[in-house]
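Scope of the values below: all heavy atoms of this structure, side chains included, with no hydrogens, waters or symmetry mates.
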Amino acid sequence: MKSVVKMMGVALTALLTLGACKKDKVDYIDPNDSAKDNVGYLLVGGMEASILEDTENISSPAATRADGLDINAFDVVITNQAGDEMVSFKYGERPSEPIALEGGVYKIAMSSAKMEGAAWETPVYAGEKEVIITRKQTTEVSDLVCKLANIKVTVDYSADLAEQLDENFTKMTVELENSGLEYAFSETRAGYFAPVAVDNTLKLTFNCRYKGETKDITMTNEIKGVKAAQWRKINVVVQHAADGTATIGIVCDTWTYDEEVTFDTSASLMEEVIPDDTDAPVIVWEGHDLTQPFELTDDMFDAEGNFTSSINIDVTAKAAIKSLVVKVSSDNADFTAAYSEIMALEEDLCAPTVSNTILKMMGYPTDAKDATVTRIKFASQAELLKSYEGTHSYEITVTDINGAHTTATLTVQYGQNVAPRIVWTGYDIDKQQTYAPGMTCDLKITAPLTIADMRVKIISATLTPEELAGVGLAGEFSLVNDTQYFESLKNLGFPVGDEVEGKSELDLSITNFLGVLNMLGAGDHNFEISVVDAEGNTTTKTVMMHFE
């Protein structure tokens, strides 16, 4: 076994040349400080929050108001595109000084409390917005709107039915996933449920007994398509059939909080909710997740500078498209300036202010209006995108003739703001691979801003810390900073220290070691690899190998 582990150490050291982590840093810095080239500033001191208040103009003893909430106690959290928390504070303690952030897209989220399962009279209000931080510029947040973030449910009975039921044996149970509340016959409080998805299903169980009877009646039902910010009013009624018979029925009315009012304002009306957005238009890039930034790299262009890939955004709608708005922003002011010389930063492609020739040149459709299918070919702008380093965003909003609308954002990164890349040539590094004879594992690491650190974490039931220590390695370490492992790694022929730090490209093949891994028998061996560049941009990938 020791000889196998010794051989295994060689394979592991090859993988160890791939990783490192470094936490993003947030400071409060004078905007006049020019020491940091890729830093912009966010001002939140003047931010005014408002709320879609739960003050319905509908007779209901279960109505709940937001008056008792202290908006100054709301939590505010700022995260980057990777979801990492950069800074947090209470709304009432928001800083007046600028917050220094690296150029990019950030989300500001505000909430009154954390939602958990189901509880009585516990409305949670939340809101969020995205901001673009531009290098050496100050972005000010002026407003942020919060609305009900959980689902409100009340239960009531029609007067004619209430007279017939024995209240001691009548109740309604409402469940959402693993959380539920039991509504007694006389219950007037509202229950609040934490949504588990965009569309949720409420499961109802109604138990009752007529006055003077001993037989219990049980009914079940489901309410599908329930969304956050909705008030589902469950009404138990007597349903009369044409033949004169009568049965008990359950009716659910839907209301939503859709009128913006200033916090503590008392006049907010409820409006009946528009049907669920199952017929809303769809915006997709086949094979890509639009919630993740797309990294534009030099190797996507041929020797003549032609873009060799495609960026096709497909828009489909069940009803005719009324408007297709593209709103462009960037953390590089030079890019937006160059774009605006061609066309407006916000343009409705169904009512353009430029000629069809310009639209075609930019890859935009000229026949989107009244169509149900159209395509935006952003590959036409690849050369323009490549001309300016930074993070460039295209917010796309499509609205059909029925008013249904959908918004999605294509984010393209190039140059300074492009994070390091870890690619497994010929294989999808994001999927587990099963070893087969002849399999190759050629890894390519690129970091346009140069590598600052590299780290790997070994996740394996077989490769224990004791076994790794026997070959001079550990379960997690850096090839740049953990000098105690350098001698072992050098003896195995792999780069360390200055041979890694400061490099913009690194090619590494560990094909010869796959067979060694296979000698350990069946099992999984995962290697979590991280690369961090000189600006703190971090990329983490995991090489996942399965052996049968």
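By the ring pair (Phe, Tyr, Trp, His ring centres under 6.0 Å) test, Tyr485 pairs with Phe477, sequence neighbours left out. Partners of Glu304 according to the side-chain contact (heavy atoms from CB on, under 4.5 Å) rule, which considers only residues two or more places apart in sequence or in another chain, are Asp302, Asn306. Residues satisfying the ring pair (Phe, Tyr, Trp, His ring centres under 6.0 Å) test with Phe486, not counting sequence neighbours, are none. Under the ring pair (Phe, Tyr, Trp, His ring centres under 6.0 Å) criterion, Phe307 pairs with Phe301, sequence neighbours left out. Contacts of Thr374 classified as side-chain contact (heavy atoms from CB on, under 4.5 Å), with partners at least two apart in sequence or in another chain: Val315, Ile321, Leu324, Pro365, Asp367, Ala368. With sequence neighbours excluded, the residues forming a ring pair (Phe, Tyr, Trp, His ring centres under 6.0 Å) with Phe335 are His392, listed by chain and number. Applying the side chain to side chain donor-acceptor pair (under 3.5 Å) test to Tyr106 and every residue at least two apart in sequence or in another chain returns nothing. A search for side chain to side chain donor-acceptor pair (under 3.5 Å) contacts involving Thr397 returns Thr407, not counting sequence neighbours. Scored by the side-chain contact (heavy atoms from CB on, under 4.5 Å) test, Leu43 finds Pro98, Thr138, Glu140 as partners (sequence neighbours excluded). Shown here are the side-chain contact (heavy atoms from CB on, under 4.5 Å) partners of Glu346, two or more places apart in sequence or in another chain: Val325, Lys327. Shown here are the side chain to side chain donor-acceptor pair (under 3.5 Å) partners of Gln381, two or more places apart in sequence or in another chain: Tyr364, Tyr394. With sequence neighbours excluded, the residues forming a salt bridge (charged side-chain N to carboxylate O under 4.0 Å, His left out) with Asp482 are Arg455, listed by chain and number.
Separating the CE atom in Met544 from the OG1 atom in Thr434 is a distance of 11.0 Å, to the nearest 0.5 Å. Here CD of Glu128 is found 8.0 Å from OG1 of Thr79. Values are rounded to the nearest 0.5 Å. With values rounded to the nearest 0.5 angstrom, Glu286 atom CD is found 11.0 Å from Ser310 atom OG. In this structure, CD1 in Ile422 is found 9.0 Å from OG1 in Thr542, a value given to the nearest 0.5 Å. Distance CD1/Ile529 to CD1/Ile458: 10.5 Å, rounded to 0.5 Å. To the nearest 0.5 Å, atom CD of residue Gln432 and atom CG of residue Asp524 are 4.5 Å apart.
Here Arg421 pairs with Asp299 in a salt bridge; the nearest charged N to carboxylate O distance falls below 4.0 Å.
The environment of Asp498 atom CG is sparse: at most 12 non-hydrogen atoms of other residues, nucleotides or ligands sit within 6.0 angstrom. Summarising the local packing, CG of Asn178 is surrounded by 12 or fewer heavy atoms from other residues, nucleotides or ligands at distances under 6.0 Å. Heavy-atom contacts from other residues, nucleotides or ligands closer than 6.0 Å to NZ of Lys360 number 12 or fewer.
Residues Asp298 and Tyr414 bring a donor and an acceptor atom of their side chains to less than 3.5 Å of each other.
Considering only heavy atoms from C-beta on, Met86 stays 4.5 Å or farther from Ile99 through its side chain. Residues Asn150 and Pro195 meet the side-chain proximity criterion, which asks for heavy atoms closer than 4.5 Å. The shortest distance between side-chain heavy atoms of Leu359 and Met343 falls below 4.5 Å. Val354 is not listed as a side-chain neighbour of Met362, based on a closest heavy-atom distance of 4.5 Å or more. Taking 4.5 Å as the limit, some side-chain heavy atom of Leu176 sits within range of a side-chain heavy atom of Ile151. Side-chain contact between Glu347 and Val326 is absent, with no heavy-atom pair separated by less than 4.5 Å. A 4.5 Å side-chain heavy-atom check between Gln81 and Gln413 finds at least one atom pair inside the cut-off. Proximity of Ile108 to Leu42: side-chain heavy atoms (C-beta onward) are separated by under 4.5 Å at one or more points.
Annotation for Thr440 and Trp424: closest pair O-NE1, 3.2 Å, computed over non-hydrogen atoms. Closest approach of Ala228 to Ala149, counting heavy atoms only: CB-O, 3.3 Å. Minimum heavy-atom separation, Tyr339 to Ala344: CE2-O, 3.4 Å. Taking all atoms of both residues into account, the shortest heavy-atom contact from Lys386 to Leu296 is N-CD2, 3.9 Å. In plain terms, the two heavy atoms of Gly390 and Asp331 that are nearest each other are CA-OD1, 3.4 Å. In terms of heavy atoms, Asn200 sits closest to Lys227 at ND2-CA, 4.4 Å.
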Could you walk me through whether Val423 and Ile429 pass the side chain to side chain contact (heavy atoms under 4.5 Å, CB included) test, one step at a time?
CA-CA 7 Å; Val423 177; Ile429 198 171; over 6 Å; no
Dump the intermediate steps for side chain to side chain contact (heavy atoms under 4.5 Å, CB included) on Thr539 and Ile445, then the final yes or no.
CA-CA 10 Å; Thr539 295; Ile445 303 95; over 6 Å; no
Met545 and Met439: side chain to side chain contact (heavy atoms under 4.5 Å, CB included), yes or no, with the steps?
CA-CA 11 Å; Met545 291 298 308; Met439 186 176 185; 4.0 Å; yes
Evaluate side chain to side chain contact (heavy atoms under 4.5 Å, CB included) for Asp75 paired with Lys90, printing each intermediate quantity in order.
CA-CA 5 Å; Asp75 291 309; Lys90 296 292 185 182; 2.7 Å; yes
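Proximity of a side-chain donor or acceptor of Gln433 to a complementary backbone N or O of Asp428 within less than 3.5 Å is detected. The closest donor-acceptor contact from the side chain of Asp314 to the backbone of Val284 lies at 3.5 Å or more, if one exists at all. Judged by distance alone, the side chain of Ser330 and the main-chain N or O of Thr391 form a donor-acceptor pair under 3.5 Å. Side-chain atoms of Thr139 come within 3.5 Å of backbone atoms of Ile132 as a donor-acceptor pair (strictly under, hydrogens ignored). Remark: the backbone N or O of Met300 is paired with a side-chain donor or acceptor of Thr308 at under 3.5 angstrom. Checked by atom type and distance alone, the side chain of Thr406 never pairs as donor or acceptor with a backbone atom of Val398 at under 3.5 Å.
Residues Phe378 and Trp285 keep their aromatic ring centres 6.0 Å or farther apart.
Among Thr316, Ile396, Leu410, the single residue meeting the side-chain contact (heavy atoms from CB on, under 4.5 Å) criterion with Ile283 is Ile396.
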